Amino acid sequence: MKRIGVLTSGGDAPGMNAAIRAVTRSAIYEGLEVVGIKRGFEGLLEGDVIPLMSRTVGGIIHRGGTILRTARSERFKRPEGLLEALNRLKELFIDALVLIGGEGTLKGAWTLYEKGFPTVGIPCTIDNDIAGTDITVGFDTAVNTALDAIRKLRDTASSHDRLFIVEVMGREAGFLAADVALASGAEYVLIPEIPFDLDKLCQRLRYARRQGKTHSLIIVAEGVMGAPDLAARLKDTAGYEARVTVLGHIQRGGSPTAADAILASKMGACAVETLLEGKSGVMVCCQNGHMVTRPLPVAWEEEKILSDEVLSLMEMLSI
Ligand code: F6P
């Protein structure tokens with residue numbers, strides 16, 4: 001193995017740049033050449049690459065987004081797209097790939113590997129919905145970004161005795177919503193893993209009022225319903241007037257936290273080390289603080305369980 005490629009694909013997440021930097025510099029340290037593939041699988045299909053040197057990845061560890069840019073590619077998912085990608089890799093003299101992204105990216109890494117091309121994945125998504133790893137790159141920053149916004153909303157909620165509903169991202173998973181709810185002291189959280197129960201929510205709000213709370217905060221994961229819908233249902237059923245905030249893509253941007261920059265650095269270096277050991281078809285995972293590798297399909301075949309502890313703590317501590 002002489003030359004490796006690195007790409008970012010799917011939704012951007014804070015820490016992607018730190019991972020690109022770690023892959024590049026650890027590969028160069030080991031005597032390898034590195035090329036960056038632009039716009040994920042789309043750029044791979046078009047042969048859109050740039051050489052990555054130590055200096056190319058200078059001054060990016062703290063930057064959000066991805067210097068390689070990213071895309072969601074439908075073309076690559078088709079059989080002819082996959083063949084085209086394999087031909088491109090040959091033409092570009094790329095011997096192995098490190099792919100940074102969420103489930104779609106890791107699935108793409110697996111399809112290349114199944115065709116005999118060496119790949120290693122780095123789980124990087126604000127959703128933290130990848131089984132096999134305790135945490136994904138980008139999650140900690142997104143929790144902190146949402147928390148920062150919610151703390152500002154709390155000022156208004158408490159000054160005006162208001163009910164606020166905040167919608168957070170997370171696709172079909174509630175990891176982001178649950179952690180944000182616990183950290184922000186929310187009274188209630190709605191996550192896709194638990195069936196929606198409007199009566200229970202209303203009971204909780206009434207209980208909070210009886211306990212002397214003058215304002216309340218509900219966090220809703222986008223996978224359950226939109227915050228405006230929830231506000232309408234609360235108004236129709238119980239007459240609650242809620243203010244609504246949808247945090248949206250704010251949660252994907254910004255500088256990575258220290259935890260994310262460190263995680264991305266460790267995962268990037270481990271990905272290169274894994275390839276040098278001759279292993280592929282795997283992703284780098286963080287388990288109990290240690291970097292390990294797991295087969296790529298673990299990401300989508302195993303179930304990642306949201307711990308009850310977060311939810312019960314939130315319920316116990318918020319009133
Ligand atoms: O997977 C990351 C994520 O931000 C999800 O939380 C969200 O559902 C989705 O991407 C939004 O994707 P897009 O930026 O393509 O609208």
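Quantities reported herein were computed from a predicted structural model and do not represent experimental measurements. Counting convention: from 1, in listed order, for ligands and their atoms alike.
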May I ask you to decide if the ring planes of Phe41 and Phe76 are parallel, tilted or perpendicular, using 30° and 60° as cut-offs?
-> parallel
Is Asp155 atom CG crowded by more than 12 heavy atoms from other residues, nucleotides or ligands, each under 6.0 Å away?
-> yes
Ligand 1: which residues have a non-hydrogen atom closer than 4.0 Å?
-> Arg72, Thr125, Ile126, Asp127, Met169, Gly170, Arg171, Glu222, His249, Arg252
Hey, is the main chain of Asp140 close enough, under 3.5 Å, to the side chain of Asn144 for a donor-acceptor pair?
-> yes
May I ask you to check whether over 12 heavy atoms, not counting those of Phe196, lie within 6.0 Å of atom CZ?
-> yes
Extract all donor-acceptor atom pairs below 3.5 Å that involve side chains of residues 272-288 and protein atoms in other chains or at least two apart in sequence.
{"from": "Thr274", "atom 1": "OG1", "to": "Cys270", "atom 2": "O", "distance (Å)": "2.6"}
{"from": "Lys279", "atom 1": "NZ", "to": "Thr293", "atom 2": "OG1", "distance (Å)": "3.1"}
{"from": "Gln287", "atom 1": "NE2", "to": "Gly132", "atom 2": "O", "distance (Å)": "2.9"}

More than 12 heavy atoms of other groups within 6.0 Å of Ile67 CD1 | yes
